2 protein chains.
Amino acid sequence: MVGMRDVARKAGVSLSTVSLVVNSNGYVSDEMRVRVESAMKELSYVPNELARNLYHGRTNTVGVIMPTVQHPFFATLLGSLQKALYKRGLNTMLCTTADMESGEEHYVGMLQRHMMDAIIMGAHTSHGQNYWTSIRRPIVAFDRYLGDGIPSVGSDHEQGGELAAMMFALSGARHVVLLGGPRSRFHDLAQTHGGPNASDDASHELTSFPSVRYQIALEDTLDSAGIRHDYIEIDDLAKMQEFENAARSVLERFPDVDAIVAPDLAAALCVQEAMRRGFVVPSSLQILAYDGTFVTDTAGLRVTSILQGFDAIAERIAMRTVEQIERYQSEASSNAHTSSSGSTIAGSDGDNETISDPEAGRIGDLIPMKVKIGATTLWNDAIHELLDGSRPQTD
Amino acid sequence: MVGMRDVARKAGVSLSTVSLVVNSNGYVSDEMRVRVESAMKELSYVPNELARNLYHGRTNTVGVIMPTVQHPFFATLLGSLQKALYKRGLNTMLCTTADMESGEEHYVGMLQRHMMDAIIMGAHTSHGQNYWTSIRRPIVAFDRYLGDGIPSVGSDHEQGGELAAMMFALSGARHVVLLGGPRSRFHDLAQTHGGPNASDDASHELTSFPSVRYQIALEDTLDSAGIRHDYIEIDDLAKMQEFENAARSVLERFPDVDAIVAPDLAAALCVQEAMRRGFVVPSSLQILAYDGTFVTDTAGLRVTSILQGFDAIAERIAMRTVEQIERYQSEASSNAHTSSSGSTIAGSDGDNETISDPEAGRIGDLIPMKVKIGATTLWNDAIHELLDGSRPQTD
DNA sequence: CTGTTAGCGCCTTCAC
DNA sequence: GTGAAGGCGCTAACAG
């Protein structure tokens, strides 16, 4: 392996000169620069970033922990995250925990051994807050609260629920039917507002719990508007057949329904079923998908859907991640060699420590949900205004 | 930051003793070991892997280059790859190239700067063979030929096509209709056998080109069996509407069709359309998805599909990756400190260099396609035997 | 502006 | 068995 040493010898200069040229830091005489550069080419020198990293105590790599990537939701988030991190000069280490005995500890270990500069935690954890707060390295949580001092980012599902309700209200809907998961644990969760420690399934993790928040907001808003609403329970969100049954029973049990909200796949099936039965979508029946993925385009019509602003979420997470890294960097540089400009880093001043939000255990950064405009709901000026107001985008 | 130094001092021993304990290499007196271990705990020492990596010239990280992860195909492959690499002690660096000006060079740069031990190349490249062969670092290609000495792994689409044809033949089909992409460039590709340099779209990259190989094999096999077959062209594989039109026209133009092969989504739509028109699936009409993803479960019936053996592919790629890393490792250790046991590494002997396959430019490792048994095709003993014979699994 | 020097934190031949 | 010394490849203070 050819190193700076060889380049220096070949160019007849000293190490630091080469270093300066490589990093284009200080000023080097043009002649020297040329000599060095040609020497580098001749030897086809390529700097070893490992050494550089060792010195700086930094790898510019962050681990993204997720249950799986084989699920549209996580795949989409992962994609957005990778892009957002890349823009900031950070590389993405894929850390999947499903099917892995102790993936979590493994990746946290890498963080501690300085193989990664930070961790973005987007998977269910079996550990308590103590575990996370005692790590004392950069961590950012997605859609979960890990402990004091650990920033968290997630979607504003209450706003999403309100948004859905408002769209229906403004379009003149009179009878809304909600499709959703088992209603059983609904009330427990709704009342305690505590985190779900039981659910381990990847698809549940993000459909069941947030759905509670959105459903409450949705129903409350509908109530205020005096709009009738009913709920149809899908026993097992993982079973395709259940979705179809649900789609069928909506139309059978409530022939006068004129608006439906459902998870993406169920919504798509509702569209098919409705068209099969001669409903006219959207004029006689509106259908709205909540948390829609691309399957909303499978139905024949583009289904209007309320979805998470993945890019916005990713941007915010990436931002927080950089903040965290810089904060810890300067902390560590107390007894080290880093040439920081003293004081704290911009954006992470003081009170960041005390997330003294009145309600602890909540997400710190709430990102608004977006609306993807489709052909299965009605549109009028009031609705367009609503959307412009709450700043969702058409994707 | 607390280092081995501090541990050594605290334990009253010397550096190397600590090192030996940490790596559990040589033999250390039990007393020493205990002293060191407790010292480590008290100081909550955690080894800095950066330093270790610098010394060993290895990061145990491999970059997986893919166009995107927001596509079921790549997400699935990525997931399998990550698992396979993890099993072998390798971490996965996610390297997405879509929407990135020069992601490819970026990641290759990281490989050269020793930030990654290897690269798995699963995206379209704009560079020629010279670019890849002159990198001289571990690379493994997925479904593409990058140059001599660079191992490649991919699915055996010819076998897949034969498999489909055989299934139909054995089930007594008399008229098969194929749905697929534009037939235009079909023949060009088929004749030249050269790589497609034009397609840049992620979904095209793996649907259009391999589909040629499978379609040829399929049609040839059907011909040999004397089974009539027709082709229906889907103009734009990215447009949902096109799929539906195609599904409709199959049944209109060929009322006597008794078997259909189509890309997953199209197949799902065919099932829906067929049921709507009163066909009995599978007894009067069989439907088979080629390269099926989970959308084949969206149709109401589980669609039988022929799909890539992602886990098998991933395992093979991971294996080749490890081989490559070890090979280059020992090459580099000629003038270094590595304590290798001399000679070459098992499994990577000699002739690996010369992929002197009679036909150059081909995939080195072909992995058989699998069959996912669904409810849209007929089954009999002969078919089961066929499947057991060619070793596809039921997933 | 250039060269010399002392590490980043860990690993491993060598003498003891 | 244990301790001391040199080095992985690069960096950033220093002097010159």
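Protein chains get the first letters and strands the later ones, always in sequence-line order, with residue 1 at the start of each. Keep in mind that this is a model prediction, so the values were computed, not measured. Side chains included, hydrogens not; waters and symmetry mates left out as well; all remaining heavy atoms used.
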Task: R9(A) CZ to dC10(D) P, straight-line distance once rounded to whole Å - done: 13 Å
TODO: Return the set of residues passing salt bridge (charged side-chain N to carboxylate O under 4.0 Å, His left out) with R137(B) (not counting sequence neighbours), or none when no residue passes.
DONE: none
Open item on the list: Just N and O in the side chain of R52(A): are any of them under 4.0 Å from OP1 or OP2 of dC10(D)?
Closed with: no
Open item on the list: OP1 or OP2 of dT2(C) versus the side-chain N and O atoms of S29(A): is any pair under 4.0 Å?
Closed with: yes
Open item on the list: From OH of Y55(A) over to C1' of dA6(C), roughly how many Å is that when rounded to an integer?
Closed with: 10 Å
TODO: With sequence neighbours excluded, tell me which residues meet salt bridge (charged side-chain N to carboxylate O under 4.0 Å, His left out) with E101(B).
DONE: none
TODO: Would you please name every residue forming a side-chain contact (heavy atoms from CB on, under 4.5 Å) with S14(B), sequence neighbours left out?
DONE: S16(B), T17(B)
Task: H114(A) vs dG9(C): side-chain N/O to OP1/OP2 distance below 4.0 Å - done: no
TODO: Return the residues of residues 17-25 of chain B meeting this criterion: a heavy atom under 4.0 Å from some atom of DNA chain D. Order them by number, or give none.
DONE: T17(B)
- [ ] Take the C1' atoms of the five end pairs on each side of the helix from dC1(C)-dG16(D) to dC16(C)-dG1(D), derive the two axes, and give their angle rounded to 10 degrees.
- [x] 40°
- [ ] Please report, rounded to the nearest Å, how far the C1' atom of dC10(D) is from the CE atom of M40(A).
- [x] 14 Å
Task: Side chain N23(A), main chain L20(A), donor-acceptor under 3.5 Å - done: no
- [ ] Output yes when a side-chain donor or acceptor of H106(B) lies under 3.5 Å from a complementary backbone atom of S102(B), and no otherwise.
- [x] no
Open item on the list: Strictly by salt bridge (charged side-chain N to carboxylate O under 4.0 Å, His left out), give each pair with a member in residues 110-130 of chain A just once, sequence neighbours left out.
Closed with: R58(A)-D117(A), R113(A)-E49(B)
